[in-house]
Amino acid sequence: GALPRADIDARPVDDGSPRRKLGRGMDKSVTRVGLDRRRGISSLAAAIATLCIALVAVASATAVILFRQAEEPARKIAATNAEVFDRVWSVIARNYYDVTFGGVDWEASREQYRPIALAARHPTQLYNDAIWPMIDQINTSHVEAVGPGMNASIGDPAIHFTGRRGEALADYAGGVGDLGGLTVVHDGKHWIVYDVRRDSEAEKLGIAPGRVVASSRVDTLNAAHSPRFRATLVLATKDGEGEKLAYEYTPRPRLFLRTRRIRPSGAYVIRFDVFDKLSVDWALLQLSDIDPAPVILDLRTNRGGNIGQMLRLAAALLPDDAPLGKSIGRVLTVPLRPRNDGEAYPGPVAVLIGPQTASAGELLSYGLKKYRKAPLAGDRTAGAVLTARYWKLPDGGQLSVATGNFTTMDGKRLEGVGLAPTVRAAPTLEAIREGRDLVIEAAEEALLGAPVQDDILMSIAPPLSGR
């Protein structure tokens with residue numbers, strides 16, 4: 001009748017012995033310890049989980065803060081871009097002389113370019129991608145925006161070339177036209193070598209006026225004491241292959257010159273490059289000093305300036321009651337009439353003109369041709385003849401807007417047309433190497449009635465300091 005061993009093993013035997021009682025106590029103690037351990041582990045796990053959640057929350061909050069901090073400059077840039085763009089658009093919308101904007105849908109232009117402006121991350125990008133393309137649709141002179149710190153520098157994306165006649169390639173900040181001795185000007189279709197400085201690197205290479213510049217590149221070289229550049233040009237050739245030339249040069253800044261020179265013929269050549277008070281005061285002083293000798297006004301590099309200052313000089317050169325024309329705006333039509341309080345300069349006058357003669361320079365040339373029968377020697381002018389006003393932009397830039405459409409008294413426009421010379425003349429490399437200015441010679445011949453080929457010049461009035 002013995003029980004199976006499995007049953008014996010399965011049933012604990014309580015024989016009442018101390019050893020067995022001790023074993024029971026140990027079993028209960030071990031059970032409590034196990035439960036405590038499990039509870040501790042659970043608490044620890046919960047604490048760790050809570051800590052992890054807290055860390056995740058802190059990390060998320062930190063990420064949001066960092067993201068917002070990183071986003072803040074972008075928001076500020078976008079806000080500035082919006083302010084600048086809206087200012088440009090609205091000033092043109094309110095003040096441009098043509099309410100049809102030359103057929104451009106100005107409202108649609110805003111919708112097209114404003115998102116591009118807001119997305120720009122740099123002022124250059126703002127102007128290159130949004131402001132300038134919008135303005136270029138109007139396609140007239142005197143409508144231009146210039147951003148802060150945008151200097152004339154070839155290869156600089158901040159420089160805005162529209163392809164209009166008279167624009168000049170620039171060599172570095174503050175310099176216009178002198179590409180190591182070259183004056184390269186756009187004729188409305190191509191970049192043309194307009195002039196070459198004698199004894200320059202370009203002249204030594206035999207680059208002649210009239211050559212078409214198919215492409216150009218300027219690299220800055222490391223120089224210990226002064227900046228040096230390397231120009232690489234491709235000049236167009238009849239076979240289409242192009243002639244590649246490279247040379248190094250030290251840049252020359254463009255200066256607004258005022259010079260008076262006397263030629264052996266007795267004619268005075270008076271040059272000034274901008275119509276401002278200082279230049280006009282100086283020019284009037286020269287006229288009073290040389291009366292009544294033949295005068296050749298060199299306006300080949302005069303791109304205009306203050307219209308009031310131009311009228312001051314015109315009053316000294318034109319007869320009484322000699323209106324130049326009128327500026328037709330949206331509301332007002334303003335006659336452009338010099339106020340002549342005395343006699344006009346009695347000596348014969350000729351004018352040198354070219355593709356860089358613009359704006360007020362063209363107006364004065366037109367008046368002298370019409371009322372004084374003054375010969376105009378050189379090449380056709382820029383055709384940039386509108387009256388304009390200037391506005392400051394929120395980023396420190398500047399905006400000019402054509403507020404008046406200039407027409408002559410008989411209703412003709414010069415904008416986009418320019419003035420044709422009565423005596424066409426252009427420099428040649430051979431004449432430059434000989435020290436001769438063929439355009440001056442042509443003006444002299446027209447003014448004095450006899451061929452003149454002696455270009456020995458004597459400076460008798462040094463230019464004033466300043467601009």
Side-chain angles (χ1 to χ4, degrees), residues 81-118 120 123-147 150 152 157-168 186-189 303-305 307 325-334 355-356 358-363 380-395 397-408 411-418:
N81 290 350
E83 189 178 6
V84 173
F85 180 88
D86 291 344
R87 175 73 168 162
V88 170
W89 184 90
S90 61
V91 167
I92 294 174
R94 292 193 302 266
N95 296 280
Y96 186 65
Y97 74 91
D98 180 6
V99 293
T100 70
F101 301 96
V104 176
D105 187 335
W106 199 238
E107 291 287 345
S109 292
R110 183 180 187 275
E111 299 303 317
Q112 177 182 355
Y113 289 105
R114 195 173 192 273
I116 300 173
L118 268 60
T124 299
Q125 187 179 6
L126 168 65
Y127 284 82
N128 273 336
D129 297 349
I131 292 178
W132 287 339
M134 180 179 71
I135 288 176
D136 286 350
Q137 295 177 105
I138 296 177
N139 194 31
T140 60
S141 67
H142 293 81
V143 183
E144 184 62 278
V146 180
M150 292 183 178
I159 298 307
H160 180 215
F161 291 126
T162 64
R164 293 183 60 84
R165 181 175 176 82
E167 290 181 334
H186 208 279
D187 70 348
K189 295 181 180 180
R303 300 195 59 78
I307 193 74
K326 52 190 175 181
S327 175
I328 306 171
R330 288 192 179 186
V331 179
L332 297 175
T333 296
V334 180
Q356 290 186 287
S359 194
E362 294 178 271
L363 292 180
R380 185 166 59 90
T381 62
V385 192
L386 298 173
T387 53
R389 289 179 56 196
Y390 295 85
W391 283 262
K392 290 184 178 179
L393 296 177
D395 61 352
Q398 190 178 60
L399 171 69
S400 67
V401 178
T403 55
N405 175 31
F406 174 81
T407 65
T408 62
K412 295 180 180 179
R413 294 185 77 209
L414 298 180
E415 173 69 20
V417 179

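When a residue number appears, it is its place in the shown sequence, counting from 1. Hydrogens, waters and symmetry mates are skipped; everything else that's a heavy atom, side chains included, is used.
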Using residues 383-392 as the side-chain source, report each donor-acceptor pair under 3.5 Å to any protein atom, sequence neighbours left out, with the distance given to one decimal.
| residue | atom | partner | partner atom | Å |
| --- | --- | --- | --- | --- |
| T387 | OG1 | S327 | OG | 2.6 |
| T387 | OG1 | G404 | N | 3.3 |
| T387 | OG1 | G404 | O | 3.3 |

Contacts of F101 that satisfy ring-ring contact (aromatic ring centres under 6.0 Å, His included) - sequence neighbours left out: Y96, W106
For [X] and [Y], work out which heavy atoms get closest and say how close.
X	Y	result
I116	A130	CG2-CB, 4.2 Å
W132	A145	NE1-O, 2.7 Å
V99	R330	CG1-NE, 3.6 Å

Rounded to the nearest 0.5 Å, how far apart are [atom1] of [X] and [atom2] of [Y]?
X	Y	atom1	atom2	result
Q398	L393	CD	CG	8.0 Å
D98	T140	CG	OG1	8.5 Å
R164	H186	CZ	NE2	11.5 Å
T403	I92	OG1	CD1	12.0 Å
L126	I131	CG	CD1	4.0 Å

Non-neighbouring partners of [X] that pass side chain to side chain donor-acceptor pair (under 3.5 Å), sequence neighbours left out:
X	result
D395	Y127
S400	none
T333	none
D136	H160

Checking T162 against E167: is there a side-chain donor and acceptor pair closer than 3.5 Å?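 Side chains of E167 and T162: pair found under 3.5 Å.
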Give the C-alpha distance, both sets of side-chain angles, the deciding distance and a yes or no for side-chain hydrogen bond (donor to acceptor under 3.5 Å, both in side chains) between E415 and S141. CA-CA 8 Å; E415 173 69 20; S141 67; 2.8 Å; yes
Closer than 4.0 angstrom, basic N to acidic O: yes or no for R413 and E362?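 Looking at R413 and E362, the cut-off is not met.
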Indicate yes or no for a side-chain donor-acceptor contact from R303 to the backbone of A382 under 3.5 Å, with no hydrogens or angles considered. no
Does the N81 side chain pair with the main chain of A117, one donor and one acceptor, at a distance under 3.5 Å? yes
List for me each residue that meets salt bridge (charged side-chain N to carboxylate O under 4.0 Å, His left out) alongside [X], sequence neighbours excluded, and say none if there are none.
X	value
R87	none
E144	none
R165	D379

Go through it in stages, so that I can follow the logic: the residues are V88 and M134, the test is side-chain contact (heavy atoms from CB on, under 4.5 Å), and I'd like the CA-CA distance, side-chain angles, deciding distance and then a yes or no. CA-CA 10 Å; V88 170; M134 180 179 71; 4.1 Å; yes
Qualifying salt bridge (Lys or Arg N to Asp or Glu O under 4.0 Å) pairs with a residue from residues 99-117, counting only residues at least two apart or across chains: D86-R110, D86-R114
Can you check whether H142 reaches F406 side chain to side chain, under 4.5 Å on heavy atoms?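 Result no, sub-4.5 Å side-chain heavy-atom pair not found.
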